[in-house]
Engineer: 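My questions will all concern the structure given below.
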Amino acid sequence: MAHTEDVSDPLAALAAEIRACTACPLHRGARQAVPGEGSAESGILFLGEAPGYNEDVQGRPFVGAAGQLLEEGLASIGLDRGKVFITNVVRHRPPENRDPLPEEVAACDVWLRRHLELLRPKVVVTLGRHAMGKFLPGESISRIHGRPRTVDGVLLFPMYHPAAALHQPSLRADLATDFEALGRLLANAPVATAPATPRAIATAEQPAPPRAPDQLSLFG
Ligand code: URA
């Protein structure tokens with residue numbers, strides 16, 4: 001699909017660079033790159049794993065069933081996808097939706113770094129273990145989801161991937177609870193004009209209070 005970006009807009013110019021990327025073999029099997037979309041208005045960057053079928057067809061991130069769940073979560077904290085930036089660890093669809101290989105993830109690193117430099121998000125929400133692994137290799141998502149922490153000056157908020165919650169309904173309550181905690185974090189996080197500082201994280205690193213079961217209504 002042809003894209004006519006306004007290259008005077010730095011985000012659009014970066015998207016054009018990503019669309020032209022041939023740094024790993026994934027571009028050969030994909031219909032097009034999925035650079036990411038949205039804005040830095042809310043100060044949040046969501047980082048998923050990789051485009052799937054629908055994303056590959058449309059050239060947009062999270063437009064399938066997992067995207068619907070993500071949008072529900074955003075709505076639960078008064079946001080919509082236009083107010084956040086959404087992208088993935090790899091920007092081309094892996095064949096058969098397989099996990100991205102370490103060398104593919106490494107080849108795409110540059111684009112994540114460029115997006116972080118450009119958007120300077122207050123919070124990076126990692127969705128699933130591949131996105132978490134970019135910042136916290138070796139960690140376990142079931143252990144650390146929903147708890148903010150800072151790594152290399154970036155305030156991170158790890159969450160389960162919405163697709164995991166689709167396949168494993170017991171994770172939906174966790175996802176809903178984590179969105180609530182994210183909402184509280186954003187309400188308290190300082191507005192970032194530079195990457196979050198360790199000091200900013202120290203104040204934000206309050207564990208979320210436990211929720212009563214009857215509050216767990218989100219996502220069914
Ligand atoms: N899953 C992802 O990780 N990214 C998408 O863009 C869609 C589904």
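Just follow the structure's listing: the first ligand is 1, and inside any ligand the first atom is 1. In what follows, every heavy atom counts, from backbone to side chain, and hydrogens, waters and symmetry copies are set aside.
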Engineer: Between Arg172 and Glu72, does any side-chain N to carboxylate O distance fall below 4.0 Å?
Structural biologist: no
Engineer: Tell me, please: is Ala50 in heavy-atom contact with ligand 1, that is, under 4.0 Å?
Structural biologist: yes
Engineer: Under 4.0 Å, heavy atoms only, figure out whether ligand 1 is touched by the backbone of Glu49, its side chain, both or neither.
Structural biologist: both
Engineer: Considering only protein heavy atoms, which is closest to atom 4 (N) of ligand 1, and at what distance to one decimal place?
Structural biologist: Asn88 OD1, 2.7 Å
Engineer: Can you name the nearest heavy-atom pair linking Pro10 to Ser8, along with the distance?
Structural biologist: CD-O, 3.5 Å
Engineer: Can you tell me which residue among Leu26, Thr22, Ile18, Val34 is in a side chain to side chain contact (heavy atoms under 4.5 Å, CB included) with His92?
Structural biologist: Leu26
Engineer: For Arg93 versus Ala30, what's the shortest heavy-atom pair and its separation?
Structural biologist: N-CB, 3.9 Å
Engineer: Does Ser42 reach the side chain of Phe85, with side-chain heavy atoms less than 4.5 Å apart?
Structural biologist: no
Engineer: What atoms in ligand 1 come closer than 4.0 Å to a heavy atom of Pro61?
Structural biologist: 6 (O)
Engineer: So, is Gly48 polar-close to ligand 1, with some N/O to N/O distance under 3.5 Å?
Structural biologist: no
Engineer: Should His161 be listed as contacting ligand 1, given a heavy-atom distance under 4.0 Å as the test?
Structural biologist: yes
